Amino acid sequence: MSPRKPASSTVSPVTKITRLRTNPKLFVLDSNVLMHDPTSLFRFQEHDIYIPMVILEELDNNKKGMSEVARNARQTSRFLDEIVSSAVTDIDQGISLQPHGSKSATGRLFLQTQAITSVLPMRLASGSADNQIIGVVKFLHETYPDRSVALVSKDINMRIKARALGLAAEDYFNDKVLEDTDLLFSGIQELPADFWDKHGKEMESWQQSGHTFYRVKGPLCASFIVNQFVYLEHDKPFYAKVTEHSGKTAVLQTLKDYTHQKNNTWGITARNREQNFALNLLMNPEVDFVTLLGQAGTGKTLLTLAAGLMQTLEHKVYSEIIMTRVTVPVGEDIGFLPGTEEEKMTPWMGALEDNLDVLNKTDSSTGEWGRAATLDLIRSRIKIKSLNFMRGRTFINKFLIIDEAQNLTPKQMKTLITRAGPATKVVCLGNIAQIDTPYLSEGSSGLTYVVDRFKGWSHSGHVTLQRGERSRLADYATEVL
C-alpha cells in the first residue's frame, strides 16, 4: 500500500525525503541512544542517520535537571542545532556530518520534515512514542525497498516489536569497549612451566630496594604489559610484576609477600595469590590508579580500606581517605534524608561500616577503650562524598576510593578520575556482573572502559580477584545461584 500524500504538501513523501544514496545504510536512532551517547550522531561512519520528529520532542521533555540523561539530552540538542544551523543545502537533501564530527563520519543527517503515515497493526497503540518511531521505520522501509533501513535502540522490547513486524532492529554497539568481557584484561598471566628454559639463557639479575629484578628475553615477552603480574606455580612459586617491556625483552620485579604476618596491612594479610597482587598495587606509592574487579566476597573493599588506613594513619602518605559510590538511581538526587552530605550518604555506605568493624578488631591488645578510640580516629580520617557534588573539585594528597564503579558510565568515570590532584591515589572497585544502571552492560560500563584504557600505563595497575574469602556460604551461593 503506497503512503498517503499529506494534505499540506504538494510533493509526495517519496520525493520529499529525496535522493537518498543506495549504498549506505539508513539508521533511525531512538531517543535512548542519543541520551546515552550524544556522540552517537557521528559513530555510523559512511552510513546515514534519520531522526524522527518524536525524538526531538522526547529530547525536549528530558532536558531539564542535573542527571546524566538530562545533560546528554541537552548535548544532543546542541549537536543537532550546530549541524542544522550550518546546513548549506535544503534539510530534505540531508546534512553532511563530517564537518561536525570525526573525519570517518561521512554520512548525512536526515530530519523528519513532513507528516509520515504508515499503517501499523491494530494491536499497536498509535499514541505511543515507540510505536510512532516504528511507524517511521516501516514507512522508510516501504519507501526505499532497495536500501537497508534499521532501527537502532537500546530498548529491548522496542527492538522485539520492530522485528515482529519484519523490520531490522539492532542495539547500539559503539559504546562497548569489548564485545566479549571474557577478553577483558585480568592483570595477571600464568607463565608456562618451561618459561625459564626459553627465556633465561641471557638473563640478567640484580637487587634493588629489597626486590630482585630479572631481565629476560624470549617470545612470551612480546605479550607482556607494564604492571602486569606474572606467576609460576612450582615447588617454589614465582610471583613477579612486569616493570619494563620492549619488544622481546622484559624486566620482572619480585613482589613483597603480603601473605606473611610480618607484612600485614592494618592487621590484614593476603589470603590468596590475587589478594597479594592487589596489595602490591595498593601499597605502591608509584601507582596512582588501581582497578580491582571481582565477585562478592573477594575482599576488594577490605584490602583497599586496610591499605588506605595504613598509608594515611601509619605512613602519613595521604592526608585522608575519601570514599564515594554510585547511589541507585545513578546521578539522581540522594533525596530528602536528614542531615549533612555524609549523613545522607550513610545508608549507601553499609559496606564501609562492615569493613571498618573487621579492621578495628584486628588489634586485640588495646581492649574495648582502645578500639573505640581507634575507631573514632579512623572515622575522622574517612570522608564520605556524593557523586553529585564532584564536578569542579580537586583532591590533593588524598586516597580516593570509588566503590560500585561498574554502575558508572565512561563519562562519569572520567569526571571522577580527573578530580585527582598531586599525590592522590584513585582506586576503583566493582563487579561488572552486577550492573544496576539502565542501558549499561558489561561491555559498556565505565569500569570496563578504564581497565582497557589504562592498560599498560606505568602508574596504573589492575587485578581481577578470583577467589571468594567471605564465607563458605557466600562462596557456595555465588557458585550455584
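Computation of the quantities below employed the complete heavy-atom set of this structure, encompassing side-chain atoms and omitting hydrogens, waters and symmetry-equivalent molecules. No experiment lies behind these values; they were computed from the predicted model shown.
- Between Arg271 and Arg467, every side-chain heavy-atom pair lies at or beyond the 4.5 Å cut-off.
- Atom CG of Leu303 sits about 10.0 Å away from atom CG of Asn276, to the nearest 0.5 Å.
- Proximity of Thr409 to Tyr449: side-chain heavy atoms (C-beta onward) are nowhere separated by under 4.5 Å.
- Between Arg43 atom CZ and Leu97 atom CG the span is 13.0 Å, to the nearest 0.5 Å.
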>> Using side chain to side chain contact (heavy atoms under 4.5 Å, CB included), reason through Glu233 and Arg273 one step at a time and then give a plain yes or no.
In response: CA-CA 10 Å; Glu233 294 289 3; Arg273 181 179 58 227; 2.8 Å; yes
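- Inter-residue side-chain proximity for Ile401 and Thr301 is flagged as unmet; no heavy-atom pair is nearer than 4.5 Å.
- Partner Met158 forms a side chain to side chain contact (heavy atoms under 4.5 Å, CB included) with one of Ile160, Ile156, Asp155 and no other, that one being Asp155.
- When atom types are taken as modelled, the side chain of His199 and the backbone of Phe195 share a donor-acceptor pair closer than 3.5 angstrom.
- No donor-acceptor pair closer than 3.5 Å links the side chain of Lys455 to the backbone N or O of Ile225.
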>> Applying side chain to side chain contact (heavy atoms under 4.5 Å, CB included) to Trp196 and Val216, what does each step give before you reach the verdict?
In response: CA-CA 9 Å; Trp196 294 114; Val216 295; 3.9 Å; yes
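- A parallel orientation is assigned to the rings of Phe213 and Trp206, their planes being inclined by less than 30° (bins at 30° and 60°).
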>> Please evaluate residues Leu293 and Val451 with respect to the criterion side chain to side chain contact (heavy atoms under 4.5 Å, CB included), reporting the C-alpha separation (whole Å), side-chain torsions for both, the decisive distance (0.1 Å), and the verdict.
In response: CA-CA 9 Å; Leu293 265 65; Val451 168; 4.0 Å; yes
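- The one candidate from Asn280, Leu292, Asn227 that meets the side chain to side chain contact (heavy atoms under 4.5 Å, CB included) condition with Val463 is Leu292.
- Judged by distance alone, the side chain of Gln275 and the main-chain N or O of Thr298 form a donor-acceptor pair under 3.5 Å.
- Smallest separation of non-hydrogen atoms from Ile188 and Glu274: CD1-CG, 3.6 Å.
- In this structure the side chain of Leu29 reaches within 4.5 angstrom of the side chain of Phe44, judged on heavy atoms.
- Between Phe79 and Phe42, the gap from one ring centroid to the other is short of 6.0 Å.
- Side chain of His245 to backbone of Val226: no donor-acceptor contact under 3.5 angstrom is found.
- The closest side-chain donor-acceptor pair between Tyr172 and Asp37 falls under 3.5 angstrom.
- With a 4.5 Å cut-off on side-chain heavy atoms, Lys398 and Lys383 do not count as touching.
- For the pair Asn263 and Leu279, the minimum side-chain heavy-atom distance is 4.5 Å or more.
- Using a 30° and 60° split on the angle between ring planes, Tyr239 and Tyr231 fall in the tilted class, from 30° to 60°.
- Contact annotation: the side chain of Met35 approaches that of Leu59 to within less than 4.5 Å [non-hydrogen atoms, C-beta and beyond].
- A donor-acceptor pair under 3.5 Å is absent between the side-chain atoms of Ser444 and the main chain of Leu440, judged by distance alone.
- Note on residues 392-418: pairs passing ring pair (Phe, Tyr, Trp, His ring centres under 6.0 Å), not counting sequence neighbours, are Tyr318-Phe399.
- Of the N and O atoms on the side chains of Ser246 and Thr249, not one donor lies less than 3.5 Å from an acceptor on the other residue.
- Minimum heavy-atom separation, Leu400 to Leu416: CD2-O, 4.3 Å.
- A salt bridge does not link Lys25 to Asp48: none of the charged side-chain nitrogens sits closer than 4.0 Å to a carboxylate oxygen.
- Looking at heavy atoms from C-beta onward, Met323 lies out of side-chain contact with Thr304 at the 4.5 angstrom threshold.
- Using modelled atom types, one side-chain atom of Thr415 and one backbone atom of Lys411 make a donor-acceptor pair closer than 3.5 Å.
- For Phe289 and Trp457, the distance between ring centers is not under 6.0 angstrom.
- Asp257 places a side-chain N or O within 3.5 Å of a backbone atom of Thr259 that can act as its donor or acceptor partner.
- Atom-to-atom distance recorded for Leu252:CG and Thr243:OG1 is 7.0 Å, nearest 0.5 angstrom.
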> What do the steps show when you test Glu442 against Leu184 for side chain to side chain contact (heavy atoms under 4.5 Å, CB included), and what is the final call?
Replying inline: CA-CA 10 Å; Glu442 294 181 1; Leu184 183 63; over 6 Å; no
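- For the pair Ile268 and Leu302, the tightest heavy-atom approach, listed with the atom from each and the gap, is CD1-CD2, 4.1 Å.
- Across Ala150 and Glu170, no two heavy atoms sit closer than the pair CB-OE1, 4.4 Å.
- With hydrogens and angles disregarded, a donor-acceptor distance shorter than 3.5 Å links the side chain of Asn264 to the backbone of Gln261.
- A distance-only check finds a donor-acceptor pair linking the side chain of Ser445 to the backbone of Gln406 [under 3.5 Å].
- Distance check, rounded to the nearest 0.5 Å: CD1 of Ile435 to CD of Glu404 gives 11.0 Å.
- Taking both residues in full, the closest heavy atoms of Gln412 and Asn407 are given as OE1-O, 4.2 Å, listed atom of the first, atom of the second, then distance.
- Atom CG of Leu282 is separated from atom NZ of Lys300 by 12.5 Å, given to the nearest 0.5 angstrom.
- When all heavy atoms are compared, the tightest approach of Trp266 to Ala306 is CB-O, 3.8 Å.
- Proximity of a side-chain donor or acceptor of Asp288 to a complementary backbone N or O of His459 within less than 3.5 Å is not detected.
- Separating the CD atom in Glu244 from the CZ atom in Phe224 is a distance of 13.5 Å, to the nearest 0.5 Å.
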